[in-house]
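By convention here, the first residue in the shown sequence is residue 1.
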Amino acid sequence: MMDDAARQARALSALVAVGLDAASIGPYDLLMKRERMASYLAGAARLGLPLLSSNLACDRKLAAKDPRCVPLAKTPRYRILRRGPLTIAVLSLLRADQATRLPSTLRGALSVSDPLVTARADIRALRTRQGVDLVIALGELDLENTAPRAASELVQRLGADAPDIVVSGQMFERGQQDFTFVLRRGSGRVIVGTDRFGQHLGELHIAFERRDDDVATGARTRYRVEATRARRLRPAHAKPQAQLAATARTFMREFCRDEDRPLGPDTRIEPPMVYADFVTFAAELMRRALGAEIALLDQAAIADTTFPLGGVLSRSKLLRVVRTRSLLGTFRVSGEKLVALLKTHAADNESALHVVGLRKDGDKWLVNERAVVEGQSYSVATTSFVATGGDSLIDTTGISFSRSDKTLFSLLASYFSKRRLKGNIALHQEFSAPANRILLAGSARLTTSLALSAIGNGASSTRYSRPLLRRDSVTTLAVELALFGSASTVDHSVEVDVQIQYGRTWTTAQGSQETIVAEAQDRFASNLLYRFSRLRNRFGKRWFVPEPYAELNLISELTPSGTYVDSAGVTQTYHLLDLAAAVGLGLQLHPMLFAKVGFVVRGEALTPTAADPDLPARPGLYLGYTLRRLKLLQDSATPIELESRLDLVMTELASDVRRDLTWQNQLSIALFDYVKLSVSQRLYVFDTTLRDASVANDVMVGLSFGVDRRLQTY
């Protein structure tokens with residue numbers, strides 16, 4: 001009923017024709033989109049279907065904006081029935097935490113009050129003011145793996161105010177009981193329920209005993225439950241009442257016509273799919289639809305009794321295959337927690353939890369054929385049942401689950417209805433191989449910092465390219481914007497790193513205090529790195545298997561870095577522009593550490609060009625490494641991460657060898673989700689004489705604000 005207006009209208013008409021006395025608004029009704037739920041409530045009210053919602057309400061502030069609020073406000077809290085000498089009241093109760101299990105679009109509008117408080121107030125009023133003999137509660141109180149604990153606790157805590165009968169959904173898995181689970185309390189209270197999908201047809205016979213005064217419980221009731229008898233009916237053999245026969249035939253004809261229609265033009269499954277292939281197929285579709293890298297699907301979500309699955313795939317056939325109605329969603333975990341969370345399931349083909357996207361290769365774990373990176377965040381798609389601890393399949397401690405508005409059934413139905421591929425439905429045909437997938441990663445971080453620079457002047461301290469080296473000491477208040485992005489397949493990867501820094505500097509030069517535009521932090525630095533990983537993929541991902549790489553570095557300034565007097569006696573300003581291109585071989589010494597050696601061509605330009613006699617590009621040798629976000633404390637509540645980079649360039653300068661070394665390190669401590677305290681250090685060494693090097697060492701302390709994200713694209 002959730003996704004089709006015509007089907008919803010026919011189903012409501014059929015429920016009314018059956019002659020229901022009361023029905024509850026349950027959690028699956030709340031999975032509908034706002035407009036569909038509004039039409040469902042309005043249609044039920046228009047046709048006289050008695051829907052109840054005792055502890056479900058809509059925020060009054062949203063009554064004018066949310067289409068569900070008006071029909072929900074008209075839904076009664078309970079209904080009173082007359083059956084012979086009995087006065088019976090029926091009310092409906094939802095779980096107290098149901099609001100937290102709803103999609104994000106619903107949480108702001110709907111509220112669920114405590115069922116214990118609601119039941120006590122309503123039942124007391126019904127018995128004392130309305131003269132009700134028996135109270136029946138329609139309860140959506142338990143999860144599949146907790147039944148009937150919540151319903152039983154409700155009866156126990158209410159005591160004399162407890163309902164006489166609790167009809168509870170989600171009491172057990174399909175097929176575990178013939179029809180009902182009946183729990184008799186000492187006070188005569190009864191808890192009864194069907195399976196978690198409520199797809200059985202049956203009847204419950206209740207015998208009552210007249211009691212004018214119940215001394216045992218202190219309750220003043222005229223009747224109590226004496227005995228119960230449950231019987232399951234077979235719908236195929238049950239004949240409708242004469243007055244309903246015509247309505248039933250019309251409804252069934254229209255219903256079957258719609259349900260047995262093929263979902264799409266190309267949904268014939270030939271040859272038939274086996275159970276294991278379909279579970280993998282469903283999980284693959286989940287992670288692509290939700291933009292996740294990994295998918296988890298509990299085996300019980302797919303009915304193994306319906307396989308092999310072949311022929312035309314219709315809605316009715318898919319309904320028999322998919323057993324779960326849980327919402328799909330995603331959660332994010334770090335690489336090390338991902339392995340700890342799923343290693344048992346991913347390594348066991350017989351596990352109750354099917355894992356797609358994570359596997360073990362020797363002693364290493366791979367996500368889509370790439371090594372798991374410690375500290376890196378990964379997205380996992382699954383059902384709300386698994387993510388909230390259903391069947392205790394995974395440890396949900398610290399997991400924040402983001403729900404979508406999709407269920408596995410709606411996702412599969414939508415996919416097959418739009419499918420245009422010809423022939424059999426097979427994994428290799430529907431989905432691209434991991435080698436063809438592109439992994440996008442990105443981060444953005446803004447840092448405010450206070451920097452102190454220690455300057456050591458050498459024989460080369462008068463070079464225009466590093467005017468900072470001519471000063472004595474520097475204090476800088478700066479802002480830095482750091483952007484990182486990468487795109488990679490199994491064999492190729494491209495990384496782009498950009499840093500923009502600007503600040504104000506207070507410095508001492510030749511014994512006098514002056515304020516200048518920041519030199520230590522006033523710069524633009526960018527790095528482009530390409531890596532070719534086919535050798536490592538072919539010969540094994542061992543640290544000593546090299547990766548060819550190509551790299552381009554650009555360093556410039558945002559403001560003039562200094563002045564000089566030209567031959568005409570005119571004082572001019574200049575900017576630094578430093579460009580280096582390198583090719584060589586790299587070694588992945590650690591999943592986070594990449595060491596490089598290569599041939600470099602480096603050129604340095606100043607504007608105006610007359611400021612620097614060394615403008616032509618010079619060849620040379622490049623050595624360096626990159627360490628990206630290595631987590632130092634694995635299980636700390638406040639992760640400490642280290643990033644480091646070393647660049648050493650040696651080029652010929654006339655008869656001397658010029659050496660430029662830049663070593664950068666940053667230690668960061670996560671204070672909140674997007675806020676870090678960082679301590680950074682940048683060491684620059686310039687030397688041409690082998691005797692007297694110039695050194696600038698900056699130490700920065702700051703707060704950074706930013707996000708890091710990965711996206712698996714298909």
Side-chain angles (χ1 to χ4, degrees), residues 1-18 26 28-29 31-33 36 40 169-170 173-175 179 194-202 232-240 244-245 247-275 277-279 281-282 285-286 289 297 299-328 383 406-421 424-425 430:
M1 294 196 305
M2 298 179 187
D3 54 2
D4 186 273
R7 186 180 292 110
Q8 184 185 86
R10 285 197 297 271
L12 285 172
S13 299
L15 292 175
V16 172
V18 170
Y28 291 140
D29 299 322
L31 299 184
M32 296 187 233
K33 295 181 179 180
R36 185 67 63 227
Y40 168 64
Q170 306 190 93
E173 292 281 355
R174 181 187 305 173
F179 168 61
T194 63
D195 70 16
R196 64 177 174 143
F197 295 102
Q199 295 180 355
H200 287 154
L201 180 64
R232 180 178 180 179
L233 301 177
R234 302 292 177 181
H237 305 293
K239 294 183 178 180
L244 296 177
T247 302
R249 282 194 297 270
T250 301
F251 173 78
M252 290 301 296
R253 184 170 57 251
E254 295 177 349
F255 180 84
C256 292
R257 182 189 62 200
D258 288 345
E259 297 299 298
D260 291 337
R261 182 182 293 124
L263 284 170
D266 303 307
T267 53
R268 176 175 293 277
I269 305 177
E270 297 293 347
M273 291 183 71
V274 298
Y275 174 76
D277 287 346
F278 190 86
V279 173
F281 173 87
L285 184 59
M286 280 170 51
L297 184 60
Q299 305 276 13
I302 306 297
D304 55 1
T305 56
T306 59
F307 289 86
L309 182 67
V312 175
L313 187 60
S314 62
R315 181 183 174 88
S316 60
K317 185 178 290 187
L318 189 60
L319 277 170
R320 290 192 291 271
V321 171
V322 181
R323 303 178 62 193
T324 180
R325 299 296 182 268
S326 297
L327 286 173
L328 302 178
T383 63
K406 301 180 180 69
T407 64
L408 183 58
F409 175 83
S410 67
L411 181 64
L412 287 166
S414 175
Y415 177 82
F416 287 124
S417 66
K418 300 175 182 177
R419 183 177 184 270
R420 293 295 181 268
L421 296 175
N424 183 37
I425 297 175
E430 305 293 318

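- With rounding to the nearest 0.5 angstrom, the CG atom of Leu309 is 4.5 Å from the CD1 atom of Ile269.
- Here CG of Leu412 is found 5.0 Å from CZ of Phe278. Values are rounded to the nearest 0.5 Å.
- Considering Thr383, Leu408, Thr407 as possible partners of Leu327, the one that fulfils the side chain to side chain contact (heavy atoms under 4.5 Å, CB included) test is Thr407.
- A distance-only check finds a donor-acceptor pair linking the side chain of Ser13 to the backbone of Ala9 [under 3.5 Å].
- Distance check: Ser417 OG to Arg315 CZ gives 10.5 Å after rounding to the nearest 0.5 Å.
- Looking at every heavy atom in both residues, Phe416 comes nearest to Phe281 through CZ-CE2, 3.5 Å.
- Not counting sequence neighbours, the partners of Val274 by the side-chain contact (heavy atoms from CB on, under 4.5 Å) test are Asp277.
- The side-chain hydrogen bond (donor to acceptor under 3.5 Å, both in side chains) test applied to Ser316 returns Asp260, Ser314, not counting sequence neighbours.
- Between Leu411 and Met286 the shortest heavy-atom distance is CD2-CA, 3.8 Å.
- Note that the CG atom of Leu12 and the OH atom of Tyr40 stand 6.0 Å from one another [nearest 0.5 Å].
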Candidate pair Tyr415 and Leu263, rule side chain to side chain contact (heavy atoms under 4.5 Å, CB included), full reasoning: CA-CA 9 Å; Tyr415 177 82; Leu263 284 170; over 6 Å; no
